[in-house]
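These notes are about the structure you will find just below.
Atoms considered below: every heavy atom in the structure, side chains included; atoms not considered: hydrogens, waters and symmetry mates.
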Amino acid sequence: MNQHIKTSDIKTSDIKTSDMNRRQVMIGAAGLSFTFALGHADAAVLAGETTGKTLSPWISITPDGTVTIMSAATEMGQGSWTSLPLIVAEELDADWDKVRIVTAPPLDHIYGNPGFGGMMYTAGSNAVRSYYMPLRIAGAQVRRVLLDNAARKWGVPVEELTTKPNAVVHAKSGRKLGYGEIAAFAEVPAKAPEIKPEQLKKPADFRLIGKDVMRVELPLKVNGSATYGIDVQVPGMMYGTVLRAPVEGSVPDKIDDAKAKAVPGVTAVIRLPHGVGVVAQTAWAAFAARQALIDTVTWSRTGLAWGFDSDKAVDTFAADAHNLARPSRDWSSQGNARAAFQNAASVIDAEYRCDYAYHAQMEPLNAVASVAPDGGSVEIWAGTQSQTTATEAPAKLLGISRDKVKLHDLLMGGGFGRRGNRDVDFIIDAVMLSKEIKRPVKVMWTREDDVHNGRFRPLSGHYLRAAIDNAGKLTAWHHRLAGDRVGQFTDPVRFQAASGRDGMLMAGTDIQGYDVPNQLVEQLYRETGVRTNPLRGIGVTANKFATEAFMDEVARKRGVDPLAFRLALLKGTPRAHKAVERVAQMADWGRKREGRALGLAYIDYSGSQVAGIAEVSLNRATGQIKVHNFWCTIDCGVAIQPDNVVAQTEGSIVYGLGMTLTETITIRDGVVAESNSTTTACRA
């Protein structure tokens, strides 16, 4: 079911909502529990301390008909807490008004994301893509168990039965059993029923998928009852903050903490491997003491980034990319691009640069940790993009098993990749301070902390070439990228497993969808020591800026309309061709605009076909670029929640314009120069 979605195509219906309790426990007493593939330890985790009953991996049904569904993806404003359970409910044929959602516990072997090797991680726009089929099958399996139990109860062939929302129906006799009624007597097989793909619902029969269902967390946000990490209060809690090393790898050299300890309410100043921690009775006291430390702490110059200057480095990166004699590694190739360039009638080339960029998530980083006095366990309250990492990293720090880490996985006020790095620095801060003072500690980063100590989209220099033959055809494409590594900071385990191939840096360098027979992408990694991280769209935000800007350059230098040029190259990719064609219609591409111009871009992002057009003007006296209008089409295949796809796309447009026009992070002598607002991130 392909849907070309844009704001003007979708009308949001009135949606009936019910009170959804995010922390509701899965009630199993006298109800139906599906225990497929559960061990005793898993069952104990799922049952919780109060129910005392083994519950299912994904679904529980109580006698009153309540269907409780586990959600494995974290909710950071993108709607996963609704979309994933919706997939289960569709195949289960559940009544959505009777569905309750519970955040899944950190059990990777049950809830792990297939797109991340089975770890619980929500990133890379892949939650729906990765969980789609497994969740459909899970829902269909439980539906089959309900049908089998009803068939035995009535003594009829299961083939004579069907379902409607929350009920099994026998049309011949006019009988009906609600899911809750079946839950009271049902027997659950030890092995889950086998469900083949052809047994799943046909898209034409969907009741929930593809419809605009109210996101379940929105009422909680509107009425103020939603709980974020920054809201958490626990008995005996103290407040903590950390003056972190200005450069990765540096450590405190000398600490004069007299002024910090003199701040009323401060209870401890603690040397940490990466900085100096302060614990106080109030957040304001902790912040004041940390401020007092700034001029009284000196740092070792042991970090690699000392002496690094991003303004000079971006010139060097671009020059290295441009210099074909500089050693590189092939990232991807198709055909024989090197030979095609040797035989080209002409070659077009261009250079692009992208600066460091900051995530700027709305909710500042924060976490609460309570380490047991003996250090043998820890309880954590935080919003995180990876439940796996949020439990693995504290366990490693404390030298305990992962099952001794209890995680309360909370809502997040934005993530964009920042809350998913392997060392979850904001959580580790809280764990370290709690371990030292043997009390719960709530650590909060200020906006300035997050800017100064951020993990940024990497700096990169791009050199691109296009080979044109005698017939004027684009026969070869060459992209050389020089940039910071990302994987070694955000996920060193996977980075090493990939032999140093950094997919997070290089994502989007390909020109998938375009009919160019010979393609070559090269990588030139640069070790700067600057903390880096994926940022919304991973490497795509920088790399597609370069590839699509260059596609326009090639069209212009050949004297061809950029739209016609792309459409010709996309003839063999019908979905892509349609997306580009449709966005051109929306923008009225051929119409002349006095003092304004249109820019076009296309991308195949993980299978979704996306095309955008910006209408811009340039003030030649000041150099200021103004964006007046933006049109976008997206064909994402099956749209689980169409209105949410629109919302996410609109947010992405605003986010992308900000990074392109007004944002940058500058590094001088290894230290971040900005404190808050920033300016310009991508340059040709």
Is the shortest side-chain N to carboxylate O distance from Glu615 to Arg593 below 4.0 Å?
yes
Ignoring hydrogens and geometry beyond distance, is a side-chain donor-acceptor pair present between Thr490 and Asn421 at under 3.5 Å?
no
Asp205, CG atom: more than 12 neighbouring heavy atoms under 6.0 Å
yes
With under 30° as parallel and over 60° as perpendicular, where do the rings of Tyr602 and Tyr514 fit, or are they tilted in between?
perpendicular
Sub-4.5 Å side-chain heavy-atom contact between Glu217 and Thr82
yes
Above 12 or not: heavy atoms from other molecules or residues under 6.0 Å from CE of Met133?
yes
Do Asp330 side-chain atoms and Ser332 backbone N/O form a donor-acceptor pair below 3.5 Å?
no
For Arg620, the salt bridge (charged side-chain N to carboxylate O under 4.0 Å, His left out) test, sequence neighbours excluded, returns none
Kindly indicate whether the side chain of Trp589, heavy atoms from C-beta on, has any atom under 4.5 Å from the side chain of Leu598.
yes
In the structure I gave you, are the side-chain heavy atoms of Gln361 and Asp450 within less than 4.5 Å of one another anywhere?
yes
Is there a donor-acceptor pair under 3.5 Å between the side chain of Asp502 and the backbone N or O of Gly487?
yes
Validation: residues 666-673 side-chain donor-acceptor distances under 3.5 Å, sequence neighbours left out:
unit_1	atom_1	unit_2	atom_2	d
Thr666	OG1	Glu674	OE2	2.8
Asp669	OD1	Arg301	NH2	3.2
Asp669	OD1	Gly307	N	2.7

Which word best sums up how the rings of His322 and Tyr463 line up, parallel for under 30°, tilted for 30 to 60°, or perpendicular for over 60°?
parallel
Mind running side chain to side chain contact (heavy atoms under 4.5 Å, CB included) on Arg418 and Arg455 for me, showing each step along the way?
CA-CA 7 Å; Arg418 180 59 181 91; Arg455 294 169 174 269; 3.7 Å; yes
Is Asp309 salt-bridged to Lys312, going by a charged N under 4.0 Å from an acidic O?
no
Between Arg457 and Asp355 (salt bridge meaning N to carboxylate O under 4.0 Å), is one present in this structure?
no
Qualifying residue, where the test is salt bridge (Lys or Arg N to Asp or Glu O under 4.0 Å) with Glu522 and the options are Arg338, Arg329, Arg326:
Arg338
Just by distance, with hydrogens left out, do Tyr605 and Ser125 show a side-chain donor and acceptor under 3.5 Å apart?
yes
Geometric class of the Tyr121/Phe116 ring pair [parallel <30°, tilted 30-60°, perpendicular >60°]
tilted
Quick check: do Arg129 and Ser606 have side-chain heavy atoms less than 4.5 Å from each other?
yes
Applied to residues 532-545, the salt bridge (charged side-chain N to carboxylate O under 4.0 Å, His left out) test, sequence neighbours excluded, yields none
Flag side-chain contact, heavy atom, 4.5 Å: Tyr131 against Asn126
no
Indicate yes or no: at least one non-hydrogen side-chain atom of Gln624 is less than 4.5 angstrom from one of Leu618.
no
Check whether Phe341 forms a cation-pi arrangement with Arg465 (NZ or CZ under 6.0 Å from the six-membered ring centre, at most 45° off the ring normal).
yes
Under a 4.0 Å N-O cut-off, is there an ion pair linking Arg485 with Glu527?
yes
Candidate pair Phe550 and Trp477, rule ring-ring contact (aromatic ring centres under 6.0 Å, His included), full reasoning
CA-CA 10 Å; Phe550 185 54; Trp477 181 277; 5.2 Å; yes
